[in-house]
Structures are given as C-alpha cells and as structure tokens.
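One structure is given here, and the rest of the page talks about it.
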Amino acid sequence: MKLYIAEKPSLGRAIAEALPKPQKKHQGYIETAGGDVVTWCVGHILEQADPDSYDEKFKKWQLAHLPIIPNQWQLKPKYKTKSQLAIIRKFAKQCSQIIHAGDPDREGQLLVDEVIDYLNVPSQKRDSMQRLLISDLNLPAVKRSLNQLKPNKHFIPLSVSALARSRADWLYGINLTRAYTIQGGKVGYQGVLSVGRVQTPILGLVVNRDKEINNFVSKPFYEVLAHIFTPSQQHFTAKWQPSEACQAYMDDEGRVLSKGLAENVVGRITNQPASIDDIKKQQKKLNAPLPYNLSILQIDAAKQFGMNAKLVLDVCQSLYEKHKLITYPRSDCRYLPGEQFSLAKSIVSMLAKAKLPFSSAAHQADTSIKSKAWNNAKVSAHHAIIPTQKSPLGLSLSNLERNVYGLIVRQYLAQFYPAFIYQQTHVALTIAGGKFATTANVTEQLGWKVLFEKISDKGTESKSNSDSPWQKGLLPELNKNDSLHCEKGELLEKQTQPPKHFTDATLLAAMTGINRFVKDRALKAILKDTDGLGTEATRAGIIELLFKRGFLKRQGKIINATPAGIGLVEALPEMCTTPDMTAKWEATLNNIAEQQANYKSFMQPLEKSLHELIDIASSNVPVSLKGIKSTVKPAFKKRRRTKKKEA
C-alpha cells in the first residue's frame with residue numbers, strides 16, 4: 001500500500017482525484033480502488049516545543065535563564081490536529097511506500113519530513129520515499145506530476161535549510177523577546193516586546209524612513225535649459241551637463257546647489273551659437289517582463305488596487321485551491337520549465353474564450369513566440385505563477401479574485417507578444433564652452449506594452465530635460481555640421497524632496513530588494529542574487545504581525561512606526577534592527593539548500609552571537625520606552641474580563 005501525505009486537504013483531494021476509482025472517503029483520509037491511501041497534514045501539525053518543555057523553571061521569564069538553547073530539540077503536536085497526526089501514524093506503519101506531497105518549497109519540504117522523523121518511520125521506508133511536486137491542482141497537471149516522482153532524498157538539503165531557519169528563529173525570537181520584555185518592564189512598559197530576526201529589521205526600515213522624513217530639510221537646486229533653433233527654425237531644448245569644475249557647488253547626487261553658478265550659465269549661453277558634438281541613434285529592444293512570483297504580484301496589486309500583501313496571498317490561495325485557476329502561488333521563481341511551453345496554446349485559447357477583459361488580448365497573442373521565461377536552468381522546486389488550463393467561465397469570482405487573476409493573466413499573455421522596440425536619439429552639444437544634451441525616443445513597435453500602458457496617439461515619446469523618462473515631443477532632423485542657435489537659457493529652480501513614507505508596495509519592494517539597505521559592500525553584492533528579507537510565503541504575515549503587535553500603523557496607504565515601534569528599535573543594538581544580519585542568514589540558508597553550506601556552520605555562530613546579544617540586553621535599560629504604553633492588551637486580561645461577565 002502506498003501512502004500519499006499532502007500538505008493540505010485540498011491538495012490531498014486533488015491527488016486522490018487522479019488515482020484509481022471507486023474511492024472511499026473517510027475522516028482525514030481517502031482510500032483508492034487499489035488500496036492506496038491519501039492523507040494530509042493541515043499545514044504544520046507539529047511545532048517547536050515551548051521553553052518550559054525543556055525545563056519547568058523557564059515558565060518564569062528571568063534574565064538569569066538566558067539564552068535558552070536546547071541540547072536536544074523537541075517538537076510537539078498541535079492540539080487541534082492531534083487526530084490527523086494519529087491517522088498519519090497509523091498508515092505510516094501499514095504502508096509499503098510513502099510519497100511526500102508537501103508544497104513545492106522549503107517549508108513544504110520540512111513540513112512532511114518532520115512528521116516522518118517525529119513518527120520514527122523505519123529507515124528502509126525513508127530511503128524509498130518519493131517526492132511528488134504539484135504546482136497546479138487541475139486533474140491533467142496532477143496526473144503529469146504523478147508520472148514524474150523523484151527520490152525524496154534529493155530534497156533533504158531543502159529540508160535541512162528550513163529546519164535551520166525554524167530553530168534559529170526560535171532561538172533568536174524566544175531569547176531576545178524575553179530579554180527586552182523583562183528590561184522594558186523596568187522602565188514601565190507593560191507589553192511584550194517581540195523581537196524577530198525578520199520582523200525587527202522590517203520595523204527598523206520603517207522607523208529609519210520616518211526619521212529621515214522628519215529630519216529632512218529641503219534645499220533648492222538648479223537646472224539650466226537651453227532653447228535651441230535649427231537653421232530651418234525648428235525648436236528643441238537641451239539640458240546643461242555640469243563639468244567636474246562645478247563639483248564644489250553640487251551635492252552627492254550631482255545637483256547644482258549654487259543659484260549664482262546656474263544664473264551665470266544662463267547668461268553665457270543666451271543668444272549664442274551651439275554646435276553638435278555627437279549624434280547617436282540606436283534601435284533599442286525591451287522584452288516582456290517575466291511572469292510573476294508572489295512578491296512582484298503583491299507589489300503590483302498594491303500599486304493598482306491598494307491591496308495589502310496578506311490580502312493578495314489570501315486571494316491567490318483561493319484562486320489556487322478553491323477555483324484551480326492559477327498555479328502554486330507561494331513561488332519565488334519567475335521562470336517556467338521548458339515542457340510547460342507545450343501547454344501555452346491551450347491556455348491562451350481558453351483565455352481567449354473566457355469573455356473577460358483580457359480575452360481580446362489573448363486573441364492577439366502569438367503562441368509561437370517563446371520568451372526568455374522558459375528556462376529550465378532557472379526553475380527549482382516551483383515555477384512562476386501562471387493561469388492553469390481551467391477556464392474561469394461560469395465561476396463566481398469576487399472583484400478581488402478577478403483583479404488578481406487579471407494581473408496574472410496579463411503577465412502571462414505578455415510572453416506571447418513581440419518586444420517593445422524604439423529608436424533612441426542622443427544629441428550632445430556645446431554652447432559657450434558648456435556641455436548640453438537631450439534624448440528622444442520614438443516608438444517603432446509597441447509589442448507587449450499594448451497590454452500595460454497607453455502611449456501617445458502619435459506613437460512617439462521623448463525623453464527630454466526633466467525627470468520623466470518619457471515625454472511628448474520629437475527632435476528635429478539634425479546633422480553634426482548644423483549651425484544651431486541658442487535663443488536663450490532658462491533657469492529651473494527645484495526643491496530636494498524627502499524620501500517617501502513606506503506603503504505596502506514599497507515595503508515589499510524593500511524586502512525583496514534588501515541589498516539597497518545593506519551597508520556591508522560585500523554582502524550587498526551577494527544579496528543581489530538572493531531572495532531578500534524573508535520568503536515569499538512569510539513576508540505578508542510578518543508585515544501584518546507588526547501591525548497586530550502595535551509596532552506599525554496605517555494612515556491611508558502610508559505605513560508609519562508607532563511610539564512603541566520607535567522605542568523598541570532605539571533600545572536594540574543596531575545589528576538587530578538593520579537587514580545585514582538576517583540577510584546573511586538568508587544567504588546561508590540558500591547555500592544549505594544548494595549544499596554549499598551545512599547546518600552546523602550556520603547554527604554555531606548564531607549561538608555565539610546570541611550570548612553576546614543577551615549580555616548587551618542585560619546591561620542596558622531601554623530608556624527609549626519610558627512613558628510609552630503598549631496598545632496591545634495582554635491575553636490574560638481579556639480572559640479575566642470574560643469570567644466577570646459570565647459571573
């Protein structure tokens with residue numbers, strides 16, 4: 001008898017649907033015609049044991065106990081799912097082979113592996129375990145996956161990486177939360193000061209951004225435009241390019257801060273001849289953006305529909321599990337396996353008949369185009385989020401589901417549109433010894449951009465002399481020997497702008513592009529190739545957790561830190577509030593998954609740094625939290641009020 005262990009009931013039912021019938025459905029499992037059994041976890045049915053499971057004395061929070069580091073790690077069954085664990089235990093003993101059907105990611109791998117380990121499944125069965133990777137719950141896709149089983153032992157490094165992450169988060173969170181909560185109580189702060197290796201650096205990003213904005217002093221800076229006429233009296237403008245000699249009057253971003261200098265340039269170039277130094281014409285091609293992973297989808301949904309990250313994930317789960325319209329949503333990958341290309345024609349044909357806003361775009365798609373998205377070398381356990389072969393016709397989708405599905409479909413259809421092609425002309429000029437430049441872009445082929453943005457009626461855009469890369473207007477036909485005339489110079493006075501407050505979209509973008517916020521240059525370079533802060537599956541939950549714990553608040557779309565959030569960040573050592581340390585963790589965890597690092601090389605340095613951090617916490621009282629009240633009421637107070645009502 002084969003035993004299939006899925007991560008969730010919905011996946012278990014999808015697997016059973018592809019197995020021999022008739023079937024018997026029982027509480028917690030399905031028996032197939034051939035006698036095989038499909039059962040499931042309900043997410044994590046095991047969790048890390050509490051500190052007092054290791055020693056009764058840890059029930060009291062005391063600095064003298066810290067750091068708490070288990071010698072022998074323990075897992076415990078979750079109370080609500082004990083019965084499901086018993087079902088898995090029963091069939092794990094009876095079966096001849098186990099098929100691991102956890103979700104196709106790091107956590108999904110660990111989730112089933114840890115159950116097998118906890119149940120002490122004999123080594124013979126473990127060695128013969130197979131891995132079933134499913135990213136599409138529709139019947140044809142599940143059947144394909146069942147014919148592509150792989151040895152589970154090939155995925156053990158993925159499981160070890162997730163295990164190291166789980167234990168490290170427990171060590172870091174339990175010990176530092178206890179330390180700072182105890183110390184916070186000494187200055188009158190009554191709430192729990194939750195510290196986490198991902199959540200706290202995210203909080204640090206928001207606190208530091210708020211401080212930058214509050215402390216920002218706007219300064220004027222100056223630009224100079226030259227208004228130029230050709231011999232045939234055609235007009236265009238060019239922007240001054242300050243020379244090295246002007247650097248003493250410029251800021252770090254190359255903006256001129258001296259009004260006198262800019263006024264001098266205006267005076268010098270007015271009513272002066274202008275000569276062309278160089279004309280460069282290039283045809284440029286821009287390929288379609290890759291299909292979505294979860295983070296990029298969350299960012300786009302936040303920008304277009306104002307949806308927060310958790311809401312996008314919830315909608316995606318519904319589209320995946322309930323409606324079966326999209327592939328596995330918790331993906332960090334933006335590429336597709338080569339064999340998936342053979343399904344493109346049927347998927348696009350289905351979308352064309354769907355009678356939804358994107359159907360006309362599907363009619364125009366060319367499925368003979370194979371974009372760079374299809375790349376086996378870039379695909380690991382899971383691939384990009386794309387529509388499945390199932391039609392949305394006849395399904396009752398909510399507005400949110402339609403919006404998110406529409407984004408996923410549009411991004412997929414873009415793979416079957418030609419490149420966006422434009423002609424770029426760059427002109428460099430000299431006027432009265434000063435250097436000026438202008439750039440114009442003319443669209444030659446709109447390609448995939450027809451799905452994303454409106455271009456002017458003329459099909460032309462020009463990048464001129466302001467901050468916008470695409471502006472209306474064309475350059476006249478120019479030749480290098482033309483005698484041009486600068487009619488006048490124009491002084492533009494602008495103000496430096498503070499950074500913008502974080503929103504759901506920009507905070508997610510910061511987490512995925514965390515290298516921009518890392519100070520260590522070597523680490524910054526490494527992080528360009530990693531997944532950023534947190535994982536696709538955890539980012540939304542971590543952001544929401546900071547709101548629940550009273551460290552962040554929303555004002556419309558803007559995200560700000562609360563006084564408690566600011567106080568906590570100021571109380572902690574800098575290494576706990578910046579992304580450098582946790583980014584190193586993620587890089588090492590990825591290396592463990594790819595067998596370029598091991599468990600011990602990750603955990604041993606962590607335990608050493610934990611001792612140092614507890615010493616710092618013990619010797620410093622967090623005065624930054626003095627006078628601040630927690631906005632989160634302790635659970636025990638709620639229970640006490642309930643009892644009074646019952647009495």
Side-chain angles (χ1 to χ4, degrees), residues 43-82 85 107 110-111 114-115 117-118 160 162-186 189-201 203 538 541-542 545-546 548-551 568 571-573 575-576 581-582 585 589 599-600 602-622 625 630 632-639:
H44 280 279
I45 59 176
L46 298 171
E47 60 186 355
Q48 291 289 346
D50 296 323
D52 55 83
S53 297
Y54 297 99
D55 194 320
E56 194 73 17
K57 69 181 183 182
F58 294 149
K59 279 188 176 180
K60 287 188 177 181
W61 289 26
Q62 294 181 5
L63 283 175
H65 297 158
L66 307 179
I68 300 167
I69 301 176
N71 291 320
Q72 189 71 38
W73 286 88
Q74 298 176 22
L75 291 172
K76 65 176 184 180
K78 289 186 175 179
Y79 178 76
K80 290 183 178 179
T81 51
K82 276 186 176 181
L85 181 62
E107 289 303 311
L110 175 64
L111 191 143
E114 68 184 5
V115 171
D117 190 55
Y118 182 81
V160 173
L163 180 66
R165 195 274 315 151
S166 173
R167 290 177 176 177
D169 280 349
W170 188 95
L171 287 172
Y172 190 86
I174 290 287
N175 285 292
L176 290 184
T177 296
R178 288 190 174 209
Y180 280 91
T181 300
I182 291 166
Q183 294 295 76
K186 293 177 182 178
Y189 187 83
Q190 296 301 308
V192 173
L193 289 167
S194 174
V195 180
R197 62 101 186 179
V198 176
Q199 61 165 299
T200 307
L203 177 60
T538 61
I542 291 167
L545 197 60
L546 287 166
K548 287 179 183 176
R549 288 176 172 165
F551 296 147
L568 176 58
L572 288 163
M575 67 177 291
C576 297
M581 181 189 69
T582 192
W585 281 29
L589 291 169
Y599 175 87
K600 280 188 177 180
F602 175 69
M603 295 298 287
Q604 286 176 345
L606 166 66
E607 290 179 11
K608 182 183 175 184
S609 67
L610 205 53
H611 281 277
E612 295 168 356
L613 288 168
I614 295 300
D615 287 342
I616 293 170
S618 301
S619 57
N620 291 282
V621 177
L625 287 155
S630 171
V632 181
K633 293 177 181 177
F636 72 86
K637 287 188 178 179
K638 289 182 181 177
R639 289 199 297 269

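We use all heavy atoms of the structure for the numbers below, so side chains are in, but hydrogens, waters and symmetry mates are not. No experiment lies behind these values; they were computed from the predicted model shown.
- Proximity of Trp170 to Pro70: side-chain heavy atoms (C-beta onward) are separated by under 4.5 Å at one or more points.
- Applying the side chain to side chain donor-acceptor pair (under 3.5 Å) criterion to Tyr54, with sequence neighbours excluded, gives no partner residue.
- Residue pairs meeting the side-chain hydrogen bond (donor to acceptor under 3.5 Å, both in side chains) criterion with at least one member in residues 607-622: none, sequence neighbours excluded.
- Inter-residue side-chain proximity for Leu85 and Tyr118 is flagged as met; some heavy-atom pair is nearer than 4.5 Å.
- Listed by chain and number, the residues in a ring pair (Phe, Tyr, Trp, His ring centres under 6.0 Å) with Phe602 are Trp585 (sequence neighbours excluded).
- Judged by distance alone, with hydrogens and angles left aside, the side-chain atoms of Gln48 form no donor-acceptor pair with the main-chain N or O of Ser166 at under 3.5 Å.
- Across all their heavy atoms, Gly196 and Pro201 have their closest contact at O-CD, 3.6 Å.
- Residue Leu568 holds its CG atom at 8.0 Å from OG of Ser194, rounded to the nearest 0.5 Å.
- The side chain to side chain donor-acceptor pair (under 3.5 Å) search around Thr81 returns none, not counting sequence neighbours.
- Panel note: side chain Asn175, backbone Ile68; a donor-acceptor pair is recorded below 3.5 Å.
- The side chain to side chain donor-acceptor pair (under 3.5 Å) search around Lys82 returns none, not counting sequence neighbours.
- Sorted by first then second residue, the salt bridge (Lys or Arg N to Asp or Glu O under 4.0 Å) pairs that include residues 58-75, not counting sequence neighbours, are Glu56-Lys59.
- Once rounded to the nearest 0.5 Å, the distance linking CD1 of Ile45 with CD of Glu114 reads 8.5 Å.
- The minimum heavy-atom distance linking Leu66 with Arg178 is given by the pair CD1-CB, 4.1 Å.
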When the side chains of residues 72-80 are checked against the rest of the protein, which donor-acceptor pairs come out under 3.5 Å, sequence neighbours left out?
from  : atom 1 : to    : atom 2 : distance (Å)
Lys76 : NZ     : Asp50 : OD2    : 2.8
Lys78 : NZ     : His44 : O      : 3.3

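- Leu63 and Ala179 get closest at one heavy-atom pair: CD2-CA, 4.0 Å.
- When all heavy atoms of Leu606 and Ala168 are compared, the pair lying nearest together is CD2-CB, 3.4 Å.
- Thr181 is linked by a side-chain contact (heavy atoms from CB on, under 4.5 Å) to Trp61, Thr177, Val192, Leu193, counting only residues two or more places apart in sequence or in another chain.
- Once rounded to the nearest 0.5 Å, the distance linking SG of Cys576 with CG of Leu203 reads 12.0 Å.
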Could you go step by step and tell me if Val198 and Tyr172 meet the side chain to side chain contact (heavy atoms under 4.5 Å, CB included) rule?
CA-CA 10 Å; Val198 176; Tyr172 190 86; over 6 Å; no
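- In this structure, Asp55 has no salt bridge (charged side-chain N to carboxylate O under 4.0 Å, His left out) partners at least two apart in sequence or on a different chain.
- Taking the side chain as every heavy atom from C-beta outward, Arg197 and Leu176 never approach each other to under 4.5 Å.
- With sequence neighbours left out, Pro605 forms a side-chain contact (heavy atoms from CB on, under 4.5 Å) with no residue at all.
- Heavy-atom minimum distance, Ala571 versus Tyr180: O-CE2, 3.8 Å.
- Remark: Arg165 pairs with Glu107, Asp169 by the salt bridge (charged side-chain N to carboxylate O under 4.0 Å, His left out) rule, at least two apart or across chains.
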Kindly determine whether Met603 and Leu171 satisfy side chain to side chain contact (heavy atoms under 4.5 Å, CB included), including the steps that lead there.
CA-CA 10 Å; Met603 295 298 287; Leu171 287 172; 3.8 Å; yes
